[in-house]
Amino acid sequence: MTDPASNFNVHPRAIERILDANLDRAREGLRAIEDWFRFALEDRDRAAICKDLRQQLAQWHADRYVAARDTPRDPGTVLAHPAEMTRQDITHLLRANCSRVQEALRTVEEYAKLERPEMAAACEQARYRVYALESSLFGRKRRDRLQAARLYLITHPVPDWLAAVEAALAGGVRVVQYRRKECDYRQLLVEARQVKALCERYEALAIVNDRVDLALDIDADGVHLGQTDMEVATARRLLGPHKLIGQSTTNADELEAALATTADYIGVGPVYATPTKPGKAAAGFDYVRLAAARATVPWFAIGGIAPDTLAPTLAAGATRVAVVRSLMSALDPRETAGRMLTALDVATRV
């Protein structure tokens, strides 16, 4: 096979220049992440991991790589994308630097295979450690928010549905699942992005029902899966470790199966019969009590729960609830959400 390099006027020290640039890039990105852990989160352990990774990379940064550097004639110094010039917020900044480190390490890993296989192997392991850092940073934030959430809204295509979602968020809802059946994908994409934008404004989690592809397209916080949807293990491979996955359950067997997966939370119900799930019998309070005794992840009671049916659901052991019609069809979703959250707060303090 012809070497592609033979067809071009290749710089004689191209490999050294590539390794030099990407070792620098990885160390710079790590420093940006390290400073956030150190000064903002005061997280000594993860700051130490970043520092250790930087020092490991410094050991691989041979003098000959630095000597190959030719900054004045490097065309990359004048190439800049507008997106690199601004950061929307701290999340955007941290994500950008995690990606910067991961991409640089992958480049070093590949080019080092040509001359220093041990360096390639070390950078592969470093890249996995950065993935774990990213997961702990963003995954923990999402899971902390999930743990704190008490009221979960599932959308329904009523008139002025988006206004109802915003009013519920203003009333204190902190998880919104976009759910829409029998709709073309382009419309789903438009509506899901609208929901995500609202959730970002109110610092709520944006979840997509069923569709992992849609969740990926809008960079949702996660996806919720029913018993006949994609398996949790498959969704986890597609979404990665830091996104949330929810699983619906209706009985003890489904509960145990869900708890054996990497699902981050589960739905428990329907507590009452509901037109949202036609033909599905109510699981009732016995199942709520079972979930309260056995669940090892956050769980939300669901199905026919409204302000006037909330009290017995809480008495059965629920501390979080998911609702559809009681907020989407409420005359005042903000006020209704507030009343339900007050009841939930009282129940969790008892």
Side-chain angles (χ1 to χ4, degrees), residues 40-41 86-95 137-180 187-209 211 214-224 239 242-246 264-265 267 298-302 305-307 310 318-348:
L41 302 182
T86 60
R87 296 288 182 244
Q88 298 169 2
D89 50 35
I90 190 61
T91 298
H92 185 211
L93 183 153
L94 292 170
R95 284 193 184 283
L137 181 61
F138 297 110
R140 183 177 297 176
K141 183 177 179 181
R142 286 192 176 98
R143 290 177 178 90
D144 286 348
R145 291 160 69 188
L146 176 69
Q147 186 72 34
R150 291 286 177 259
L151 186 56
Y152 181 132
L153 172 64
I154 301 169
T155 69
H156 188 66
V158 298
D160 296 325
W161 69 275
L162 197 61
V165 171
E166 181 166 13
L169 285 165
V173 164
R174 287 299 172 261
V175 187
V176 177
Q177 179 191 135
Y178 172 67
R179 183 176 186 270
R180 183 75 183 267
Q187 184 176 350
L188 291 176
L189 197 58
V190 169
E191 293 184 356
R193 282 174 174 158
Q194 291 174 320
V195 170
K196 187 193 173 193
L198 283 176
C199 287
E200 287 178 343
R201 188 185 309 168
Y202 287 90
E203 298 184 345
L205 296 166
I207 306 294
V208 171
N209 179 257
R211 301 289 297 263
L214 184 59
L216 288 167
D217 267 351
I218 70 163
D219 191 25
D221 292 299
V223 68
H224 186 87
L239 291 168
H242 55 279
K243 298 286 180 138
L244 301 174
I245 298 177
D264 297 287
Y265 73 92
W299 58 279
F300 294 81
I302 184 172
I305 298 172
L310 182 57
T319 58
R320 301 176 181 86
V321 298
V323 299
V324 185
R325 292 173 300 126
S326 62
L327 289 181
M328 293 302 299
S329 298
L331 293 176
D332 188 341
R334 178 172 183 166
E335 186 274 338
T336 303
R339 280 195 291 123
M340 295 185 77
L341 280 166
T342 296
L344 284 158
D345 289 342
V346 170
T348 54

More than 12 heavy atoms of other groups within 6.0 Å of Asp89 CG
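Yes.
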
Counting only heavy atoms not in Gln187 (residues, nucleotides, ligands), do more than 12 fall under 6.0 Å from its CD?
yes

If you take all heavy atoms of [X] and [Y], which pair is closest and at what distance?
| X | Y | result |
| --- | --- | --- |
| Ala204 | Val175 | CB-N, 4.4 Å |
| Ala306 | Met340 | C-CE, 4.1 Å |
| Leu169 | Arg174 | O-NH1, 3.1 Å |

Working to the nearest 0.5 Å, report the span between [atom1] of [X] and [atom2] of [Y].
| X | Y | atom1 | atom2 | result |
| --- | --- | --- | --- | --- |
| Glu166 | Trp161 | CD | CH2 | 11.5 Å |
| Leu205 | Arg143 | CG | CZ | 10.5 Å |
| Thr91 | Glu200 | OG1 | CD | 9.0 Å |
| Thr155 | Ile207 | OG1 | CD1 | 12.0 Å |
| Lys141 | Leu94 | NZ | CG | 8.5 Å |
| Leu41 | Leu137 | CG | CG | 7.0 Å |

A side-chain contact here means heavy atoms from C-beta on lying under 4.5 Å apart; do [X] and [Y] qualify?
| X | Y | result |
| --- | --- | --- |
| Leu344 | Val321 | yes |
| Leu198 | Leu162 | yes |
| Leu153 | Gln177 | no |
| Lys243 | Asp219 | yes |
| Val208 | Arg179 | no |
| Pro333 | Met328 | no |
| Val173 | Leu327 | yes |
| Arg320 | Leu151 | no |

Backbone N or O of Ala330 within a donor-acceptor pair of the Thr336 side chain at under 3.5 Å?
no

Side chain Ser326, main chain Ile305, donor-acceptor under 3.5 Å
yes

List the steps, then state whether salt bridge (charged side-chain N to carboxylate O under 4.0 Å, His left out) holds for Asp345 with Arg150.
CA-CA 8 Å; Asp345 289 342; Arg150 291 286 177 259; 5.1 Å; no

Using the test salt bridge (charged side-chain N to carboxylate O under 4.0 Å, His left out), find all partners of Arg339 that sit at least two apart in sequence or belong to another chain.
Glu335

Check salt bridge (charged side-chain N to carboxylate O under 4.0 Å, His left out) between Arg95 and all other residues, then give those that pass, not counting sequence neighbours.
none

Determine, for Glu203 against Arg145, whether the closest basic-nitrogen to carboxylate-oxygen distance falls under 4.0 angstrom.
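No.
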
Those residues at least two apart in sequence (or on a different chain) that pass side chain to side chain contact (heavy atoms under 4.5 Å, CB included) with Ala170 are Tyr202, Arg334

According to side chain to side chain contact (heavy atoms under 4.5 Å, CB included), who are the partners of Leu189, at least two apart in sequence or on a separate chain?
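Here the qualifying residues are Tyr185, Arg193, Leu214, Asp217, Ile218.
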
Run the numbers on Asp264 and Leu146 for side chain to side chain contact (heavy atoms under 4.5 Å, CB included), then give the verdict.
CA-CA 9 Å; Asp264 297 287; Leu146 176 69; 4.2 Å; yes

Thr342: partners by side chain to side chain donor-acceptor pair (under 3.5 Å), with sequence neighbours left out
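Expected list: none.
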
Who passes side chain to side chain donor-acceptor pair (under 3.5 Å) against Arg142, sequence neighbours left out?
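So Arg142 forms a side chain to side chain donor-acceptor pair (under 3.5 Å) with Asp221.
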
So, applying ring pair (Phe, Tyr, Trp, His ring centres under 6.0 Å) with His224, which one of Tyr178, Phe300, Tyr265 is it?
Tyr265

